[in-house]
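Note that the structure is a prediction, hence the values are computed from the model and not measured.
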Amino acid sequence: MERIVVGMSGGVDSSVAALLLKRQGLDVIGVFMKNWDEKDENGVCTSTADWEDVQAVCRLIDIPFYAVNFEKEYQERVFSHFLSEYRKGRTPNPDVLCNREIKFKAFLEFAMKLGADKLATGHFVQTEIREGHPVLLRGADAKKDQSYFLYMLKEQQLQKAVFPVGAMTKAQVRDIAREHGLPVSDKKDSTGVCFIGERNFRNFLQNYLPTQPGDMRTEAGEKVGEHIGLSYYTPGQRKGLGIGGCGDGRSWFVLEKDLKNNVLVVGQGEDHPRLFSSHVEAVEPTWIAGGAPMAAGEAYRCTAKYRYRQADQQVTVRLEGDRLLVEADEPQRAVTPGQSVVFYQGELCLGGAIVEAVEQYQGKPDLLQR
RNA sequence: UGGGGUAUCGCCAAGCGGUAAGGCACGGGACUUUGACUCCCGCAUCGUAGGUUCAAAUCCUGCUACCCCAG
């Protein structure tokens, strides 16, 4: 009988994933991962409650369960990089790394040691074998599709992965959970950095990053406020600037981080032209199915997401050496260095890359024409 | 020092005798497996002390603060 380890978070999705596999008559083992050992702002270790939910669900559907700890791996492979990016003034996405390094590497290896053939999770994505190779497809529930977070996986990782709820909608998943009386059927979806959870992000970062106060200035150089350290802000951000009353009365947004002068450049209006860009240089491209889908130099058409849950954007991508030049048909708002741009061809998730540099929408040369 | 002006929520700002608009900021919530964005809700008795009036932020007087002009 095929043995499958299910990564269980204590949420509805992974609980239902385990349930479905069990009902298929497979040899299912539930495993809870603990990768972050710290109390939240209220001094409560939320992972404890999640672990209890996992146990309750596993007992109910009658599968064995374990907990593993990858705190060390998470620190070394995800969190250290996360902090180093912030120190450089960039805005990383720790969860895409977490999937590549922890869930589908360290944890996958652990599952294999338990004698598993496959590793299942509650992600809303689907896989398929095309021409003998596994590919990643969007989840059936467009509103919940999580392929954005899994674009860094490689074929070898995907090969071992199973996504039991990927073909369902969130509503269906909850229905199934209710039908079977799972105690987590109405549990709120978790958000926040994976394993670290929801918390005041600025306060959280302050535990790890130095504060280096400086000025907030307009493009013209007029000082309109003070910041606590450029690491604490990200392009397009509105909340937390604390500027009110001056200028034309509209809201202020972060336009740019001037690391050299430790100045946060801000501007007014959610439609400020400096907030938009069409050309992006992205690095560290990773492709799920083997190599790049386009030939070097070729202008390749596909769609892309510059952030999770963004509607598909039509883009032209060109591979130049080890970097990618991405031109969007429509100007994109607040594309951010350190974040990921993920590519799709229809339902197929091709892979993605890390935004390195952004060229402003107006008055810049066409990257793809060079 | 003389003359003039202004004082309304953290900031900007309506109100001009009838019982405090709005924007920004901020707080809370929603949304969300990153960070952001977005949406919803909340948020002042009017510098101070008196007076006039049925009724004052709105009129009068004193005080205080700030600004401008003069010198």
Between U34(B) atom P and F149(A) atom CZ, what is the distance in whole Å?
-> 5 Å
Value in whole Å for how far the C1' atom of C31(B) lies from NZ of K239(A) | 14 Å
Look at S251(A) and A25(B) and indicate whether a side-chain polar atom (N or O) is within less than 4.0 Å of OP1 or OP2.
-> yes
Between G240(A) and L150(A), just flag the one whose closest nucleotide in RNA chain B comes earlier from the 5' side.
-> G240(A)
Please check if any side-chain donor atom of E347(A) sits under 3.5 Å from a side-chain acceptor atom of Q126(A), or the reverse.
-> no
Under 3.5 Å, is there a donor-acceptor pair linking the side chains of Q345(A) and Y300(A)?
-> yes
With both distances under 3.5 Å as the test, what is the Watson-Crick or G-U wobble partner of A57(B)?
-> none
Whom does A65(B) pair with, Watson-Crick or G-U wobble, provided both distances fall under 3.5 Å?
-> U6(B)
With the side chain counted from C-beta on, respond yes when L136(A) and S147(A) share a heavy-atom pair under 4.5 Å apart, and no when they do not.
-> yes
Look at R238(A) and A36(B) and indicate whether a side-chain polar atom (N or O) is within less than 4.0 Å of OP1 or OP2.
-> no
Along RNA chain B (nearest heavy atom to each residue), the more 5'-positioned of Q146(A) and R250(A) = R250(A)
Would you please confirm or rule out a distance under 4.0 Å between OP1 or OP2 of U32(B) and any side-chain N or O of K188(A)?
-> no
Give the rounded distance in Å between these two atoms: CZ of R202(A) and C1' of U34(B).
-> 17 Å
Taking CG from D271(A) and P from C37(B), how many angstroms apart are they, rounded to a whole number?
-> 16 Å
